[in-house]
Amino acid sequence: MTNKSGIELCKQAFQRLKAGKPNDQRLIGKLITPSLVSREAGFDNGYLKPLRPAHRSLVDEINQYKENAQAGSLKSQIAALESKVKKLTIEKNEYKKERDNGLIRELQLFKELSKLQKILNDNVISLNNK
């Protein structure tokens, strides 16, 4: 069995996390941070520190990956919300059209009712006048 350095174990842990195949299955889908990489590598949360010269490049790489993942996640969330807004706008326009058509029908029915009431009133008056 070969002895691997802590930084090498962390690099391997980072690769497993990026591939979605960590040894600890509870870490799947979590945002990859230096702390998470340390835990996956078998160390405590604070093992990787940006101030340690040997860790700096890996911590920078992890943070860059995290920023890109967050940006990608935000972009997909924005796209999903834009799609939802578009769908709701179409739905709103359909409801508005149905409402307007209903109001038009009601006005036409009201006009027809008014005409029929006038005819009825004229006929009643003319029968009473005879």
Side-chain angles (χ1 to χ4, degrees):
M1 180 177 201
T2 62
N3 287 338
K4 294 183 180 176
S5 69
I7 195 73
E8 187 59 38
L9 291 172
C10 287
K11 286 179 181 179
Q12 291 174 356
F14 182 45
Q15 295 306 316
R16 286 192 304 273
L17 287 166
K18 286 195 306 187
K21 299 177 182 179
N23 292 336
D24 184 349
Q25 297 301 303
R26 294 174 296 176
L27 302 180
I28 292 177
K30 295 201 178 202
L31 184 63
I32 298 174
T33 62
S35 173
L36 194 74
V37 172
S38 295
R39 286 198 335 243
E40 171 62 16
F43 301 106
D44 65 7
N45 288 343
Y47 177 77
L48 285 174
K49 298 200 185 295
L51 297 179
R52 293 180 182 160
H55 296 187
R56 190 172 299 131
S57 66
L58 180 58
V59 170
D60 288 344
E61 187 179 346
I62 293 167
N63 286 332
Q64 184 64 45
Y65 181 85
K66 178 177 76 169
E67 288 173 18
N68 290 341
Q70 286 176 324
S73 175
L74 287 175
K75 285 180 184 176
S76 66
Q77 288 176 357
I78 289 170
L81 289 173
E82 285 174 343
S83 175
K84 188 173 184 178
V85 165
K86 185 177 179 181
K87 178 184 170 202
L88 290 173
T89 300
I90 291 170
E91 193 174 313
K92 176 196 75 158
N93 290 337
E94 289 174 358
Y95 287 137
K96 184 179 176 191
K97 189 175 181 180
E98 287 178 24
R99 180 204 63 200
D100 291 347
N101 288 339
L103 289 173
I104 290 169
R105 278 192 311 273
E106 284 189 41
L107 286 172
Q108 289 171 341
L109 289 171
F110 183 75
K111 285 180 184 178
E112 187 66 27
L113 177 64
S114 294
K115 278 198 280 184
L116 291 173
Q117 283 179 332
K118 185 173 182 345
I119 291 171
L120 179 63
N121 288 339
D122 288 347
N123 287 336
V124 170
I125 291 172
S126 66
L127 288 176
N128 288 336
N129 289 336
K130 287 186 177 179

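It should be emphasised that the depicted structure is a prediction, and the values quoted were computed from it without experimental measurement.
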Does Asp24 reach the side chain of Arg39, with side-chain heavy atoms less than 4.5 Å apart? no
What I'd like to find out is whether the side chain of Ile7 reaches to under 4.5 Å of the side chain of His55, using heavy atoms alone. yes
Please test Leu58 against Glu61 for side-chain contact (heavy atoms from CB on, under 4.5 Å), starting from the C-alpha separation and ending with a verdict. CA-CA 5 Å; Leu58 180 58; Glu61 187 179 346; 4.2 Å; yes
Regarding Lys96 and Asp100, does a basic nitrogen lie under 4.0 Å from an acidic carboxylate oxygen? no
Under a 4.5 Å cut-off applied to non-hydrogen side-chain atoms, are Asn93 and Thr89 in contact? yes
I'd like to check Glu94 versus Lys97 (side-chain heavy atoms, cut-off strictly below 4.5 Å). Are they in contact? no
Looking at OG of Ser114 and CG of Leu109, how far apart are the two atoms once the value is rounded to the nearest 0.5 Å? 10.5 Å
How far does CG of Leu113 sit from CD of Gln108, to the nearest 0.5 angstrom? 13.5 Å
Nearest-0.5 Å distance, CG of residue Leu31 to CG of residue Leu17: 10.5 Å
Provide the closest heavy-atom pair for Lys18 versus Tyr65 in the form atom of the first, atom of the second, distance. CD-CE1, 3.4 Å
For residues Gly6 and Phe43, report the shortest heavy-atom separation together with the two atoms involved. CA-CZ, 3.6 Å
Under 3.5 Å donor-acceptor, Glu40 side chain and Asn23 backbone: yes
Closest non-hydrogen atom pair, Leu51 against Arg56: O-NH2, 3.6 Å
Would you say Asn45 and Ser38 make side-chain contact, with heavy atoms under 4.5 Å? no
Crowding at CZ, Arg26 (>12 non-hydrogen neighbours, <6.0 Å): no
Nearest heavy-atom neighbours spanning Leu48 and Val37: CD1-CG1, 3.9 Å
Quick one: pull up CD in Gln117 and CG in Leu120 and give me the separation to the nearest 0.5 Å. 8.0 Å
Minimum-distance pair of heavy atoms, taken over all atoms of Ile32 and Leu36: CA-CD2, 3.9 Å
Hey, does Gln12 have a side-chain heavy atom less than 4.5 Å from the side chain of Arg16? yes
Spacing of OG belonging to Ser57 relative to NZ belonging to Lys11, to within rounding of 0.5 Å: 5.5 Å
